[in-house]
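The structure under discussion appears below in the form of structure tokens.
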Amino acid sequence: MHTRCLTPSLLPMRRLLVVSRPALWVNTVGTLVTGLWLTGRLYSLDAGPVALLLYLTLPFNLLIYGLNDLSDREEDARSSRKGGWQGARLTPGEGGPLLRATLAWNLPALGLLAALLPPAALGVLLLSAALFAAYSLPPLRLKGRPFLDGLSNVAYALPLALPALTLGTPVPWLPLLALMSYSVGKHAFDAAQDSPADRLAGTRTVATALGTRGTALYALGWFALAGALLWPVSRLSALALWGVCGGMALALARRPSPEQAARLYPLSIVTPWIVGTVAGVGLVYLLARGEWRGL
């Protein structure tokens with residue numbers, strides 16, 4: 001008598017979407033679109049930018065969050081925010097199918113992009129993917145290395161440079177460095193709510209190392225730097241970043257607890273929308289007047 005295998009060989013698309021956290025796709029798709037804005041060719045139909053736009057939806061976010069969920073099953077089991085739109089809580093039989101799905105969605109897409117993109121753009125894309133993999137996977141597993149965990153999150157900013165590298169326009173260095181600084185600060189801020197679960201699992205992060213108040217002040221410093229880098233480009237965007245991101249970091253510093261961090265987390269989720277909208281309105285105005293010349 002043969003025992004029937006109950007482990008699914010494939011995960012349904014609905015489950016893959018949950019793992020990829022569509023609410024957070026703004027961090028990849030939005031960054032690429034902003035990069036297109038900064039080239040002055042937002043409506044470009046070049047094959048490279050279009051292929052990148054498609055790749056930075058489900059496939060790339062599966063790479064980011066699928067690998068993360070596979071590595072963080074113990075922490076996620078203790079996290080009250082997992083199991084919904086903020087991230088999947090994997091069942092024991094989903095690990096293998098999820099890994100296969102992540103590879104199946106990413107490897108062919110990266111092969112196609114290798115044929116479409118200039119070497120510099122492909123190198124930056126692969127660097128971003130490698131940093132996300134190193135964040136979650138051993139032997140590096142940067143998530144468990146305080147301060148390196150947040151610094152590796154500059155990977156979120158790298159797609160900003162891809163349109164310029166693909167289309168042969170100047171790289172927008174100040175916005176890129178500002179977004180890198182913001183990404184490091186946001187990672188630290190978001191990690192504060194998970195510090196109890198991370199401590200129970202034995203995972204050392206910037207939040208477990210600094211404590212909640214120290215983490216809030218650390219994030220505040222990165223947000224301050226991000227705004228300063230944006231100031232020469234768009235003072236309104238810098239003020240929006242300081243007001244929203246700096247404000248939530250100060251609110252956590254005044255009431256430093258993981259519970260307060262969890263209450264503020266929805267604001268953290270929408271900060272890219274808020275600051276991005278402010279920056280986008282200003283940029284569209286300059287483009288319409290023919291005054292945008294890139295950076």
Side-chain angles (χ1 to χ4, degrees), residues 7-12 15-25 27-28 56 58-107 109-110 125-158 183-184 186-210 215 258 261-262 265 268-269:
T7 301
S9 58
L10 295 173
L11 291 182
R15 186 61 172 158
L16 293 179
L17 285 170
V18 171
V19 171
S20 72
R21 308 183 200 181
L24 303 184
W25 288 9
N27 296 324
T28 54
L56 293 182
L58 176 65
F60 197 58
N61 283 280
L62 263 184
L63 185 148
I64 297 171
Y65 301 115
L67 296 181
N68 183 260
D69 288 346
L70 284 169
S71 300
D72 288 358
R73 279 178 281 190
E74 187 176 351
E75 293 94 325
D76 291 348
R78 296 185 174 95
S79 176
S80 60
R81 70 185 181 95
K82 294 298 175 73
W85 67 272
Q86 296 185 51
R89 186 180 288 120
L90 298 181
T91 63
E94 289 183 319
L98 175 57
L99 180 58
R100 288 192 291 272
T102 300
L103 294 175
W105 276 94
N106 278 271
L107 294 182
L110 287 171
L125 178 62
L126 293 177
L127 174 60
S128 181
L131 285 172
F132 282 124
Y135 176 81
S136 296
L137 299 179
L140 292 178
R141 185 152 165 78
L142 298 178
K143 177 177 178 175
R145 301 175 186 268
F147 303 104
L148 288 178
D149 55 350
L151 291 172
S152 69
N153 271 239
V154 300
Y156 280 108
L158 294 178
S183 298
V184 177
K186 186 176 185 303
H187 173 271
F189 183 90
D190 292 348
Q193 65 185 312
D194 293 327
S195 56
D198 287 334
R199 286 194 182 95
L200 284 172
T203 301
R204 298 182 66 241
T205 69
V206 64
T208 63
L210 293 179
T215 300
Y265 182 65
S268 177
I269 288 292

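- Shown here for Leu62 and Ala101, the closest heavy-atom pair between the two residues is CD1-O, 4.4 Å.
- Taking both residues in full, the closest heavy atoms of Asp190 and Ser268 are given as OD1-OG, 2.7 Å, listed atom of the first, atom of the second, then distance.
- Taking the side chain to side chain donor-acceptor pair (under 3.5 Å) definition, one finds that Asn61 meets it with Thr28, sequence neighbours left out.
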What do the steps show when you test Ser71 against Arg141 for side chain to side chain contact (heavy atoms under 4.5 Å, CB included), and what is the final call?
CA-CA 9 Å; Ser71 300; Arg141 185 152 165 78; 3.4 Å; yes
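- Here Leu17 contributes atom CG and Leu11 contributes atom CG; the two are 11.5 Å apart, rounded to the nearest 0.5 Å.
- No side-chain heavy atom of Thr102 sits under 4.5 Å from any side-chain heavy atom of Leu16.
- A 4.5 Å side-chain heavy-atom check between Phe132 and Leu67 finds every atom pair outside the cut-off.
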Please walk me through it: do Leu148 and Val206 pass side chain to side chain contact (heavy atoms under 4.5 Å, CB included)?
CA-CA 8 Å; Leu148 288 178; Val206 64; over 6 Å; no
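- When every heavy atom of Arg145 is checked against every heavy atom of Leu140, the shortest pair comes out as NE-O, 2.6 Å.
- Side chain of Trp25 to backbone of Ser20: a donor-acceptor contact under 3.5 angstrom is found.
- Between atom CG of residue Leu137 and atom CG of residue Asn68 there is a gap of 9.0 Å, rounded to the nearest 0.5 Å.
- Side-chain contact between Tyr65 and Ser136 is absent, with no heavy atoms from C-beta onward closer than 4.5 Å.
- Minimum interatomic distance between Asp149 and Phe147 (heavy atoms only, all atoms of both residues): OD1-N, 2.9 Å.
- Take Leu107 and apply the side-chain contact (heavy atoms from CB on, under 4.5 Å) test, not counting sequence neighbours, and it matches Leu103.
- Applying the side-chain contact (heavy atoms from CB on, under 4.5 Å) rule to Pro146 yields the partners Arg204, Ala209; only residues at least two apart in sequence or on another chain are considered.
- Among residues two or more places apart in sequence or in another chain, the side chain to side chain donor-acceptor pair (under 3.5 Å) test is passed with Asn106 by Tyr55.
- A search for side-chain contact (heavy atoms from CB on, under 4.5 Å) contacts involving Asn153 returns Tyr135, Tyr156, His187, not counting sequence neighbours.
- The two residues Leu142 and Ser152 make their nearest non-hydrogen contact at CD1-CB, 3.6 Å.
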Apply the test side chain to side chain contact (heavy atoms under 4.5 Å, CB included) to residues Leu110 and Leu125: give CA-CA distance (whole Å), side-chain angles for both, the deciding distance (0.1 Å), then the verdict.
CA-CA 9 Å; Leu110 287 171; Leu125 178 62; 4.0 Å; yes
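- Listed by chain and residue number, Ala192, Gln193, Leu252 satisfy the side-chain contact (heavy atoms from CB on, under 4.5 Å) test with Ala261 (two or more places apart in sequence, or in another chain).
- You'll find the side chain of Arg21 stays beyond 4.5 Å of the side chain of Asn27, heavy atoms only.
- At a cut-off of 3.5 Å, with distance as the only test, no side-chain donor of Thr208 or Asp198 sits close to an acceptor on the other residue.
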